[in-house]
There are 2 protein chains.
Amino acid sequence: MSGEQTVPGSPGPSRRRGAVLEEAILRAAADELLESGYPGLTMDRVAKRAGTNKNAIYRRWPNRAALGVAAYSRLVKAQTQPPDTGTLRGDVLALLRRINCDQASPTGEILRSLLAGVGDEPELLAELQSQVGDGGSATWLTVLGRAVARGEAPPKALHPRVATVALTLLRNEYVTQGLSRIPDTVITEIVDEVYLPLIRGRATG
Amino acid sequence: MSGEQTVPGSPGPSRRRGAVLEEAILRAAADELLESGYPGLTMDRVAKRAGTNKNAIYRRWPNRAALGVAAYSRLVKAQTQPPDTGTLRGDVLALLRRINCDQASPTGEILRSLLAGVGDEPELLAELQSQVGDGGSATWLTVLGRAVARGEAPPKALHPRVATVALTLLRNEYVTQGLSRIPDTVITEIVDEVYLPLIRGRATG
DNA sequence: TCGCTAAGGTACGAAACGTACCCTAAGTTC
DNA sequence: GAACTTAGGGTACGTTTCGTACCTTAGCGA
């Protein structure tokens, strides 16, 4: 929570413009998302928190959903460096746990709300999807590729739908269970009961 | 679309009560869901369409989300008879295609909206989940059980998380792709690239 | 026949989206 | 350095929709 964004020390009108103001708005929106979720993401409140008004927001984003997606993108960006623990199981567990820790606490509820908020606008849906979903497709293929190089997995496993199954199952937990953080037992179950049997089973089956 | 629910032939006030009125409201709400989706599910419009007013609705459901979930349940109930084609692949394909035909056209968008609309109310989320998600868990276990009996799958495959993987992947398509109906190639890909390798791979891997 | 319950009609307050209008500060150009 | 253009600030407004309140009226049972 970065608190209010009005420049505190300057009494006179020191007016932010352009990218600076845009950053302040996005930060305020992201904070609101974290605190109150997407239903609590009110244009008036974001404007107030950013120390500006709705005009400045609507000049940049056409509606609340677009602002929500943009703010959400700020929350979940960053971590795309795939782990390298030396084993496929270790890498997959690390990936899922990282998602569960860094993203999950707000993501479950917020993502669920946003998926609805974007409604019929496919552009926003695509952006959400690229942020959350198969934005990580490359990551998973990297991890799997190393496993293939080590002989842990057959080359046939390098298939996007196969590679991302673990992420899909984890996201399904977020969406359908309504939990903010998934228990680690569920993660290990996904890995040991589904993902690794799927990957390795393809080697012999 | 069942149209307006006001009794057409009777000019005088012929007032419906109890279960009859409740049915009319639910049907009106379901029709609104089909026509306009959850965002278009307005209490005033449902009341008007059902030929009643908001009082009668709020006396039965505490808020819009509850009415939405109840109406949605009407839309997706019915089909729970598992298919029996003689092969696991045939059964799984039949299940997914049935879901894709009977449910999908409205389900994708509506489900996405509802998942958000229920927001923080876990009871409604659980009801949604039981209607859409693991309401089918028993179905999938039945299908898998027959496959085990035929020797098509190992008994270890009779695990809820494993059994429902195909459904989870299909639902993931609905939620993240924003399509009302999934192409059949995606369904066969889910079955042939993920589900069957997962089930059969466990036999040998 | 007489109440009691529930439905109908309507109006209202609150919240929030999105728009409009005018004023003013920050850059920009000459 | 002055005029001009652009963009931010403040505010008010119209609209929609949720959820509530209040009163009237019809159906049903005792």
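All values below were derived from every heavy atom in this structure, side-chain atoms included, with hydrogens, water molecules and symmetry-related copies excluded. Owing to the predicted nature of the structure, the values given are computational and were not obtained by experimental measurement.
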**Fill in**
Tightest non-hydrogen contact, residues A/Ala56 and A/Leu21, listed as CB-CD2, 3.9 Å
**Heavy-atom closest pair, residues B/Leu141 and B/Ala163** =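 It is CD2-CB, 3.7 Å.
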**Asked** How many angstroms lie between OG1 in B/Thr87 and CD in B/Glu152, if you round to the nearest 0.5 Å?
**Response** 6.0 Å
**Asked** Hey, is the side chain of B/Arg64 poking within less than 4.0 Å of OP1 or OP2 on D/dT17, counting only N and O atoms?
**Response**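 Looking at the OP1 and OP2 atoms of D/dT17, neither is under 4.0 Å from any side-chain N or O of B/Arg64.
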**Item:** End-to-end axis angle, where each axis spans five pairs of the helix from C/dT1-D/dA30 to C/dC30-D/dG1, to 10°
**Value:** 10°
Specify the separation, in whole Å, of atom [atom1] of [X] and atom [atom2] of [N].
X	N	atom1	atom2	result
B/Arg59	D/dG19	CZ	P	16 Å
A/Leu41	C/dG18	CG	P	11 Å
A/Met43	D/dT11	CE	C1'	17 Å
B/Asp44	C/dC12	CG	P	15 Å
A/Ile57	D/dG10	CD1	P	13 Å
B/Leu21	C/dT5	CG	C1'	14 Å
A/Lys48	D/dG10	NZ	P	12 Å
B/Arg49	C/dG8	CZ	C1'	20 Å

**Item:** Pairs satisfying salt bridge (Lys or Arg N to Asp or Glu O under 4.0 Å), at least one member in residues 38-47 of chain A, at least two apart
**Value:** A/Glu32-A/Arg45, A/Asp44-A/Lys54
**With A/Thr85 via side-chain hydrogen bond (donor to acceptor under 3.5 Å, both in side chains) - residues at least two apart** =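 Checked A/Thr85 against side-chain hydrogen bond (donor to acceptor under 3.5 Å, both in side chains); matches are A/Asp91.
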**Message:** Holding to side-chain hydrogen bond (donor to acceptor under 3.5 Å, both in side chains), I want the full list of residues that pass it with B/Arg89, two or more places apart in sequence or in another chain.
**Reply:** B/Asp192
Using atom names, set out every protein N or O paired with an N or O of nucleotides 19-22 of chain C below 3.5 Å, distance rounded to 0.1 Å.
| from | atom 1 | to | atom 2 | distance (Å) |
| --- | --- | --- | --- | --- |
| C/dA20 | N6 | A/Asn55 | OD1 | 3.0 |
| C/dA20 | N6 | A/Asn55 | ND2 | 3.4 |
| C/dC21 | N4 | A/Asn55 | ND2 | 3.4 |

**Request:** Could you check B/Ile187, B/Val186, B/Val165 and say which one makes a side chain to side chain contact (heavy atoms under 4.5 Å, CB included) with B/Leu170?
**Result:** B/Ile187
**Set of residues satisfying side-chain contact (heavy atoms from CB on, under 4.5 Å) with respect to A/Ala70, sequence neighbours excluded** =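 In terms of side-chain contact (heavy atoms from CB on, under 4.5 Å), with neighbours along the sequence ignored, A/Ala70 is linked to A/Leu26, A/Trp61.
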**Prompt:** Does A/Arg64 make a cation-pi contact with A/Tyr38 (under 6.0 Å, within 45 degrees of the axis)?
**Reply:** yes
**Asked** If you look at every strand shown and take non-hydrogen atoms under 4.0 Å, does A/Arg60 touch a base, only sugar-phosphate, or nothing?
**Response**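 Sugar-phosphate, backbone atoms only, no base.
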